[in-house]
Each structure stands twice: as C-alpha cells, then as structure tokens.
Protein chains: 2
Amino acid sequence: MEKQTVTIYDVAREAGVSMATVSRVVNENQNVKETTKKKVLEVIDRLDYRPNAVARGLASKRTTTVGVIIPDVTNLYFSSLARGIDDIATMYKYNIILANSDQSTNQEVKVLNNLLSKQVDGIIYMGTTITDELYDAMLRSNTPVVLAGTMDSSHEIASVNIDYKTATQEATDIIIANGHNNIAFITGTLKNTAFNDLRLQGYRAALEKAGITYNEKNVYEIPLTYKAGEHVIEKLLAADNTAAVVVDDEVAVGMVNALKDQGVSIPEDFEIITSNNSKLTQLTRPCLTSIAPPLYDIGAVSMRLLTKIMLKEEIAQNEITLPYRMEQRQSTK
Amino acid sequence: MEKQTVTIYDVAREAGVSMATVSRVVNENQNVKETTKKKVLEVIDRLDYRPNAVARGLASKRTTTVGVIIPDVTNLYFSSLARGIDDIATMYKYNIILANSDQSTNQEVKVLNNLLSKQVDGIIYMGTTITDELYDAMLRSNTPVVLAGTMDSSHEIASVNIDYKTATQEATDIIIANGHNNIAFITGTLKNTAFNDLRLQGYRAALEKAGITYNEKNVYEIPLTYKAGEHVIEKLLAADNTAAVVVDDEVAVGMVNALKDQGVSIPEDFEIITSNNSKLTQLTRPCLTSIAPPLYDIGAVSMRLLTKIMLKEEIAQNEITLPYRMEQRQSTK
DNA sequence: GTGAAAGCGCTAACAG
DNA sequence: CTGTTAGCGCTTTCAC
C-alpha cells in the first residue's frame, strides 16, 4: 500500500529515451520530435505517471505554489477575495496554501515564515493592518508579495485596492444629501490602519465640504462583528445619530436588526450605508445600500499581479486602484 | 536579490558539526549532546536558517501538507468547516492547500490529481456527491482521505458527519407537531447524493410516523442559492404548502425574504426550518430555526482523524457521527 | 553522540 | 533533437 512510485526514470526506460527527454515532454518543451513525444506520452499514460512536484520544486526552485494569508476564511469579505485569488491561481497553474491569521501580528509572522520555508513562489496578504514587524519580514524574504484589499502606508509593496477615501466620502455625501447632519461613522480599530484611516478621511472630507462640524464622538471604534453592530445601536440612539456610515457588512446587518428590534424604521428614521457589498447586503430587509468594491476582482487582479511579479514581467504600476460602484438599496432614501 | 540560500550545510560548517547533526537538532532528535545542540541552535538563529520544506519533503517523503477540496470558499457552510480544518492542521504542523472544485466532478478529479502530484500527505474532501470516478481516483491514490460533512455510500472512506436522517426527521417532527400536513421539502439535486437522500428519508420517516401521506410534489429539487430560494416560494404558495424543511441556509434566507416581500408572516402563516445553522440563520428576521450541526467541529475532527490515519495510528472507527442540536428560533412556532 | 555518504525525483546546463 | 551529468537541500541508514 505504498504511494505511487512511478518516476521519470521508469518512463524513460520504458519509452527507450533519456529522462531529459521525458522531462522535456512533460514541460512542453518544443525541442522534441513529434514521434518521440507521442511515444513518451503514451508511456506516461500507460504507467499513470504523475510528475513529483516536490522534486520538481527542489530542482527548479519554483514550487508553483503561493501562500495566502487571510484573517478568517469564514468572513465573506475575505473569502470573496480568496475565491478570486484561487481562480486566477488555478488559471496560471498555481496552487494556494491558505493560512488563517486572525489578524494577530504574532500569528502572521509565524505564518509568513512557515510559508517561506515551504518555498512558496509568492504571497498574497489580506488584512487591515501591516505592522512594522511583518513588513520587515516581508521585505527581508525577497519573495514577491501582493496586498489584496489592504493598504500599505509605505507604498513599497504591490497592492490592489479601491479608493477607500473617495468611496467613503461619496457614501457620506449620499447621507448628507438626504438631510442628515449627525452622522455616525462605525469603524474597526483606527490604530495602525491606513485602511480605516482613509475611510475616516473620506467621512471627514464629506462633512467638511457640507459645512458640518466634525465631532469625534460620532466615530465609533468597535470590533467588526455582528454582535458589536447590534450593541452599538444603543449608543447611536442615545447620541441622536440619525444615520451611519459603516465599514463592515456584518456590523451593518447587526445594526439593521437591532434598529428593527427597537422599532426604528429604516430608512425613514435611520439611514445606513455599508462598505463591502458582500452577499449579506442583499440578505437583510431592508437591503443595504453599499459601496460596492469588486471583491472577486480585487482577489483576481492581485493574483494576476503576483504572477507578473513572480515571472519578472514588466508591471505598469505597483499599486492598482480598481473602480467601485455605489449600490443604492433600501437602507437609504 | 536572490532568495535566502542559507542551507543546512552552511549551518553545519559554521557550527563545526556535520549536516546530520544539524538535521537532528532541527528535527528534535534526542541523540544530540546538550552542548552541541545549543551551539547549533545559536548558529541557526544567527544565520536565520530556515529549513527548506521542499528538500525535506523530497528526502523524507512527507510534505506536512494536506489538500483540501472545497466546493466554494464563499459558502459559509463549507468555509466554517475549512476553518476548523485549518486550525487543527496548524496545531499538528500541517499546511493546507485549498482548492475550489465548484462541485464539478471534472474539476474535482483534476484537482485531486494536482494535489497528489504535490505529494500531499492526505486529503480532506468536502462536497455533497462523490462520483464513482472520483471515488476510484481516491482509492487508487493510496493517500489518506477524509470526507468532511460528506457521505460516502460505500462506507469505505473515513468521514465525519452528523446523522442527517434523524436530524431531518426531528426537524420535520417539529413542523408536524405545529399542525402542518402539507410540508415542502426543499433540497439540492437528489442525483447520486447519499447526503440529500438521507435527509429525504428523514423527512419521509417523519411523515409516515405521523400518518401523513408522502407526496412527491412536495419535494422541490432546486439549486442551492439565495435566488432559487426566493423563486421557489411562488410554487410553494401555489401548492398550498404552509411549512418547509430546507437543506440549505442561503436558500432558507431567500425563502424568508420572498415570503416577507409577499406579506406572508412567519411563523404565523408559514414555518421554516433549515439545516446548517450558519451565521446567516441569525442575520435574518425572523431568525431561522435550524438543525445545528457543529460545523467547526466537523472540520476539526476530520482533520484530527486525518492526522491519525496519516501517522498510522489506531483509529476506533472510520465513520464518525457527531451530535447535533436543534436551534429553535422565530421561524417556527 | 556524531559523521559520511547515498539517495529522494527532477531540472538544467552542456555536449553532441 | 537527444543524452549525460550535476546538483537542488535535506533525511536516513550505517559506521564509528
């Protein structure tokens, strides 16, 4: 019951050629006569030969595997990106080693090193924050890295994002245009996150443009969970907020449900706009108006960009900004 | 700018020992004097040596990597399992190569072969159906396989599941107890799926026990998507169904929303019970009553079982059946 | 307790 | 167009 052990050598002997020739056939090298190629292919098929990717990786120093660091596969925002990543990876014949990081720097550094020891050809990182420690480890690794849906304030690492600031500003504009002036901004931690920071800037810019005084009290830093969304409603109501711009869909759904449970009607008495347009936005009633970043595409483009870097192709730009849409639904007027 | 090239040989030379000794230290082999071990460790740290897992894999024929075949990471049911899998894998120092299969047999076989060529030490398969073709490929591979949340009618492959039949029967019982007798059963395809088949058996058993005649027309085979859930409502209403047992949460949410949009109140005029207790069940209003399989645990236990098989440990049983709960919420009376 | 040496299965020059 | 020959970096006997 041992594992398959048909090697390139067996194929070579059986086909009466050298292993180099077999290797050429397997790697679709052009320099093989059509007849020998056919012969080799026939033997490969008959012996059910499957090239050993590990041996290949050792000899060629390319593993056709990329590491993907994800905070949590269970989060729809990230899993949507992951799906885009995997599809493009498959298209380019790469496999993906997925590793959950729980957004903990400690964990992330460990995961990164583990991925590097596996000799991945490249890495895609998803998260919200990149700490200096992680950043250094990435640079030192000399392995291509692309940040998917993640900002790097140093702008040294390749990344794919939307323009969070403008998007959030537009979202806030919509709320303002509907007559609100005591608008809550619901965000995750603002510590070290270029990400949430940009959104906050957008929120502030919109207020400023409309001549509304920015009030720190209207910025709520909470964990990005459904429960936290439910709970924050109490505070918003107490603070007489009549609308909210939310950075996370799960939080927004929690808010919608808490509001409904309290008998507050949306959008009549309270308007909400969220940021990721994940499936969830359409599963609630009312459906959520949302900034609509192209989630799948952010993943897909990240992976495509990574292939280019890995193959040392010319890349037009290091930081790609994808367009987003605004999806107007029933949580705003 | 080449990748790191500190090898075991460099460490050996620098520490004044042989590579065999370094290898022993790295692999925590006991037969090394404490002092030399310390010396080697110091050099490893100083040189920032990181063992090359690929070379290791080639030499030892163990890659400490397992393949995970998943229909779609974006599906909360499967991503919850995946999370459990990854956590336990990490605990046992395995990495995970994740591959989306879209439930297409063609794709699955391709993915399986690809995984095998990468020399994974084991495979975890998620899906609903195992076709003969896939089944054969798995057996032939001589690589340990565990099915997570997936039934294999031949009972040859190790698997972790709940008792779908009894669970569905219980769910149907609840509906029946509430006075319904024209109950719809909403399922994915029944073709080749031990999975849905068991559920159907449970549904039928409950009806029979209650003396309700089974009516084929009440079984709706639809795609397991939100949209399909929305659409099926029209038919249910036309058929005067007053309750439904649903195998998929997304479908159930679609149904709830369609019913609400039609002004049908839940649970007063229509009761629904769903099967996976994913996050979604609590994000809707009303919240969904659901069979509650321990999603994370199914993944975790699958991975644990796989480690045992890979390490050739004694396993008590090949097919593990985990307990489930019933989560009574507002979509039933 | 430690070292020498033989591979693991493949790719990649380099010849021819 | 094809074969020869070195390794890739590590584990694993087998001696000592």
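Proteins come first, then strands; the chains are lettered A, B, ... in the order of their sequence lines, and each starts at number 1.
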From C-beta outward on [X], which listed nucleotide comes closest to its side chain: [options]?
{"X": "B:Thr7", "options": "C:dC10, D:dG9, C:dG3", "answer": "D:dG9"}
{"X": "A:Arg56", "options": "C:dC10, D:dC10, C:dT2", "answer": "C:dC10"}
{"X": "B:Ser60", "options": "D:dT11, C:dT11, D:dC10", "answer": "D:dT11"}
{"X": "B:Ala20", "options": "C:dG9, D:dT11, D:dT12", "answer": "D:dT12"}
{"X": "A:Ser18", "options": "D:dT4, D:dG9, C:dT2", "answer": "D:dT4"}
{"X": "B:Thr21", "options": "C:dG3, C:dC8, D:dG3", "answer": "C:dG3"}
{"X": "A:Val32", "options": "D:dT11, D:dT2, D:dG9", "answer": "D:dT2"}

Under-4.0 Å side-chain N/O to phosphate OP1/OP2 contact, [X] with [N]:
{"X": "B:Asn52", "N": "D:dC8", "value": "no"}
{"X": "B:Lys61", "N": "D:dC10", "value": "no"}
{"X": "A:Tyr9", "N": "C:dG7", "value": "no"}

Note to self: What I want to check is whether an N or O donor and acceptor connect the side chain of A:Arg50 with the base of C:dG9 at under 3.5 Å.
What the structure shows: no

Check: Which part of the nucleic acid does A:Val17 contact within heavy-atom distance under 4.0 Å: base, sugar-phosphate only, or nothing?
Finding: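 It contacts sugar-phosphate atoms only.
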
Margin query: Within the 4.0 Å heavy-atom criterion, would you say B:Ser23 contacts the bases, only the backbone, or no part of the nucleic acid?
Written below: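 Base: the residue B:Ser23, judged by heavy atoms under 4.0 Å, touches a nucleobase.
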
Notebook entry, point to check: Pick the nucleotide of DNA chain C nearest each of A:Ala55 and B:Lys33; which residue has the one closer to the 5' end?
Noted result: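 The 5'-side residue here is B:Lys33.
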
Next item on the list: Map B:Asn31 and A:Met19 onto DNA chain C by nearest heavy atom, then report which one ends up closer to the 5' terminus.
Entry: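 Nearest-nucleotide comparison on DNA chain C picks B:Asn31.
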
Note to self: Whether the A:Asp87 and B:Asn100 side chains hold a donor-acceptor pair (N or O, under 3.5 Å, no angle test) is what I'd like checked.
What the structure shows: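 Result is no, nothing qualifies.
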
Next item on the list: Indicate whether the side chain of A:Ser154 and that of A:Tyr135 have a donor and an acceptor atom separated by less than 3.5 Å.
Entry: yes

What is the distance from [atom1] of [X] to [atom2] of [N], rounded to the nearest Å?
{"X": "A:Lys118", "N": "D:dC8", "atom1": "NZ", "atom2": "P", "answer": "22 Å"}
{"X": "B:Lys38", "N": "C:dG1", "atom1": "NZ", "atom2": "P", "answer": "15 Å"}
{"X": "B:Asp10", "N": "D:dG9", "atom1": "CG", "atom2": "P", "answer": "9 Å"}
{"X": "A:Asn29", "N": "D:dC1", "atom1": "CG", "atom2": "P", "answer": "10 Å"}
{"X": "B:Arg13", "N": "C:dG3", "atom1": "CZ", "atom2": "P", "answer": "15 Å"}
{"X": "A:Lys39", "N": "D:dC1", "atom1": "NZ", "atom2": "P", "answer": "14 Å"}
{"X": "B:Leu58", "N": "D:dC10", "atom1": "CG", "atom2": "C1'", "answer": "8 Å"}
{"X": "B:Ile8", "N": "D:dT12", "atom1": "CD1", "atom2": "P", "answer": "11 Å"}

Margin query: Donor-acceptor pair, distance only, cut-off 3.5 Å: does the side chain of B:Asp121 make one with the backbone of B:Thr63?
Written below: yes

Margin query: Salt bridge check, B:Asp10 against B:Arg13: does any charged N sit closer than 4.0 Å to a carboxylate O?
Written below: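 So B:Arg13 pairs with B:Asp10 through a salt bridge.
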
Notebook entry, point to check: Do A:Glu34 and A:Lys38 sit within salt-bridge range, that is, some charged N less than 4.0 Å from a carboxylate O?
Noted result: no

Check: Minimum heavy-atom separation for B:Gln317 to B:Leu305, with atom names?
Finding: O-CD1, 4.3 Å

